[in-house]
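Dropping the structure in here first, questions after.
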Amino acid sequence: MTSMTKHYYIRTFGCQMNEHDSQKIAGQLTHLGFSPIADILKADLVLFNTCTIREKAHQKAFSDIGRAVKQKTVEQRKTRIAICGCVAQEEGAKLLSRFPEIDLIFGPDQIYRL
């Protein structure tokens with residue numbers, strides 16, 4: 001028997017506010033019937049919470065997003081990839097242009113719409 005539970009993986013970059021936002025997102029996802037999972041490769045939803053303030057976090061986010069997109073494409077997985085946070089808000093169109101495999105992009109002011 002297979003589990004019908006959907007799993008999410010959140011990777012948070014940058015500031016303390018992003019940590020707080022990731023906790024809010026986790027709560028919303030749990031309310032929607034998702035459970036957290038530590039293995040990104042087993043997640044139904046991979047969410048990257050991004051930061052523009054810290055340059056290294058910004059670069060690391062793009063690198064990790066690229067790896068997740070490649071993994072999704074190569075394995076033809078049905079994983080949904082979501083990008084949120086400041087990078088998503090400021091560079092949404094650029095992100096979609098670079099990574100058309102992204103399923104959802106939203107800024108920190110849109111978390112409640114998840």
Side-chain angles (χ1 to χ4, degrees):
M1 178 185 262
T2 59
S3 172
M4 300 302 290
T5 302
K6 298 278 188 182
H7 293 95
Y8 70 88
Y9 174 91
I10 298 177
R11 171 82 174 162
T12 306
F13 299 91
C15 66
Q16 288 179 329
M17 188 56 153
N18 278 23
E19 293 291 340
H20 175 73
D21 287 348
S22 288
Q23 289 175 358
K24 286 196 310 192
I25 291 167
Q28 282 189 288
L29 290 171
T30 299
H31 182 71
L32 293 170
F34 283 78
S35 295
I37 195 163
D39 185 349
I40 191 172
L41 298 176
K42 294 182 180 176
D44 299 291
L45 172 65
V46 174
L47 192 137
F48 295 99
N49 191 358
T50 60
C51 177
T52 56
I53 301 300
R54 298 184 178 163
E55 184 62 29
K56 192 169 186 174
H58 186 130
Q59 293 169 355
K60 181 79 172 127
F62 269 79
S63 176
D64 284 9
I65 292 165
R67 275 196 297 279
V69 164
K70 183 176 180 181
Q71 191 79 32
K72 177 180 177 175
T73 304
V74 168
E75 294 184 8
Q76 297 181 350
R77 294 174 41 100
K78 292 186 169 131
T79 302
R80 301 284 183 215
I81 298 175
I83 315 299
C84 66
C86 297
V87 173
Q89 184 169 304
E90 292 182 17
E91 300 185 35
K94 183 178 177 183
L95 278 166
L96 275 177
S97 175
R98 184 170 174 183
F99 305 113
E101 301 84 358
I102 294 172
D103 299 290
L104 180 64
I105 294 178
F106 59 97
D109 60 337
Q110 298 295 308
I111 291 172
Y112 71 95
R113 297 181 69 190
L114 184 61

- T79: partners by side chain to side chain donor-acceptor pair (under 3.5 Å), with sequence neighbours left out: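 By the side chain to side chain donor-acceptor pair (under 3.5 Å) rule, T79 matches R77.
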- Item | Cluster overlap I105 with V69, hydrophobic side-chain contacts below 4.5 Å |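 I105 and V69: one cluster.
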- Item | Non-hydrogen atoms of G107 and Q89 that approach each other most closely |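 Where G107 meets Q89 most closely, the heavy atoms are CA-OE1, 3.6 Å.
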- Query: What heavy-atom pair brings L47 and C84 nearest, and what distance separates the two atoms?
  - Reply: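 Shortest heavy-atom separation between L47 and C84 comes out as CD2-SG, 3.4 Å.
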- Task: Not counting sequence neighbours, list each pair that qualifies as a ring pair (Phe, Tyr, Trp, His ring centres under 6.0 Å) and has a residue in residues 62-93.
- Result: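 Listed once each, the pairs are H58-F62.
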- Query: Does one hydrophobic cluster hold both I40 and L29, with members joined at side-chain heavy-atom distances below 4.5 Å?
  - Reply: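 I40 and L29: separate clusters.
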- Query: For the atom pair CD1 (I83) and CZ (F99), what is the distance rounded to the nearest 0.5 Å?
  - Reply: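 Going from the CD1 atom of I83 to the CZ atom of F99 covers 8.0 Å.
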- Those residues that, when tested against Y8, pass ring pair (Phe, Tyr, Trp, His ring centres under 6.0 Å) (two or more places apart):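 Y8 satisfies ring pair (Phe, Tyr, Trp, His ring centres under 6.0 Å) with no other residue.
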- Check side chain to side chain donor-acceptor pair (under 3.5 Å) between E101 and all other residues, then give those that pass, not counting sequence neighbours.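 Listed in chain order: nothing, the list is empty.
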- Message: Do F48 and L95 sit in one hydrophobic cluster, given that two such residues count as connected whenever their side-chain heavy atoms are within less than 4.5 Å of each other, even indirectly?
- Response: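 Same hydrophobic cluster.
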- Considering all heavy atoms, the nearest T5-S35 contact: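 In terms of heavy atoms, the two residues are closest at CG2-OG, 3.3 Å.
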- In Å and rounded to the nearest 0.5 Å, what is the CD1 to CD1 distance from I102 to I65?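 Rounded to the nearest 0.5 Å, the CD1-CD1 separation comes to 5.5 Å.
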- Between atom CZ of F13 and atom OG of S22, what is the distance when rounded to the nearest 0.5 Å?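 Reported value, rounded in 0.5 Å steps: 10.0 Å.
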- Take atom NZ of K70 as the centre, draw a 6.0 Å sphere, and report whether it contains more than 12 heavy atoms from other residues, nucleotides or ligands.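 Not buried by this count: 12 neighbours or fewer within 6.0 Å.
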- Query: If every non-hydrogen atom of H7 is compared with every non-hydrogen atom of K42, which pair is closest and at what distance?
  - Reply: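 Reported closest heavy-atom pair: CB-O, 4.2 Å.
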- Honestly curious: do I25 and M17 fall in one hydrophobic cluster under the side-chain, below-4.5 Å linking rule?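 No, I25 does not connect to M17 through the hydrophobic network.
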- Query: Sequence neighbours excluded, which residues qualify as side chain to side chain donor-acceptor pair (under 3.5 Å) partners of R67?
  - Reply: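 Listed in chain order: S63, D64.
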- Just do the side chain to side chain contact (heavy atoms under 4.5 Å, CB included) check on K6 and L45 with the steps written out, would you? CA-CA 8 Å; K6 298 278 188 182; L45 172 65; over 6 Å; no
- Task: Evaluate the side-chain proximity of L41 to Q71: yes if any heavy-atom separation is below 4.5 Å, no if none is.
- Result: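 Contact flag for Q71/L41 side chains = yes.
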- If you take all heavy atoms of I10 and A26, which pair is closest and at what distance?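 Nearest heavy atoms, I10 then A26: CD1-N, 4.0 Å.
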- Query: How would you list, by chain and number, every residue that makes a side chain to side chain contact (heavy atoms under 4.5 Å, CB included) with Q110, sequence neighbours excluded?
  - Reply: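 Residues passing side chain to side chain contact (heavy atoms under 4.5 Å, CB included) with Q110: F106, Y112, R113.
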- Task: Check whether L32 and I111 end up in the same hydrophobic cluster, where Ile, Leu, Val, Met, Phe, Trp and Tyr are linked by side-chain heavy atoms less than 4.5 Å apart.
- Result: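 Same hydrophobic cluster.
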- Could you tell me which non-hydrogen atom of C51 sits nearest to which non-hydrogen atom of C15, and how far apart they are?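 C51 and C15 have their closest heavy atoms at SG-N, 3.9 Å.
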- Query: Is the number of heavy atoms from other residues, nucleotides or ligands under 6.0 Å of R11 CZ greater than 12?
  - Reply: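 Yes, the 6.0 Å shell around CZ holds more than 12 heavy atoms from other groups.
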- Task: Output yes when a side-chain donor or acceptor of N49 lies under 3.5 Å from a complementary backbone atom of N18, and no otherwise.
- Result: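 Yes.
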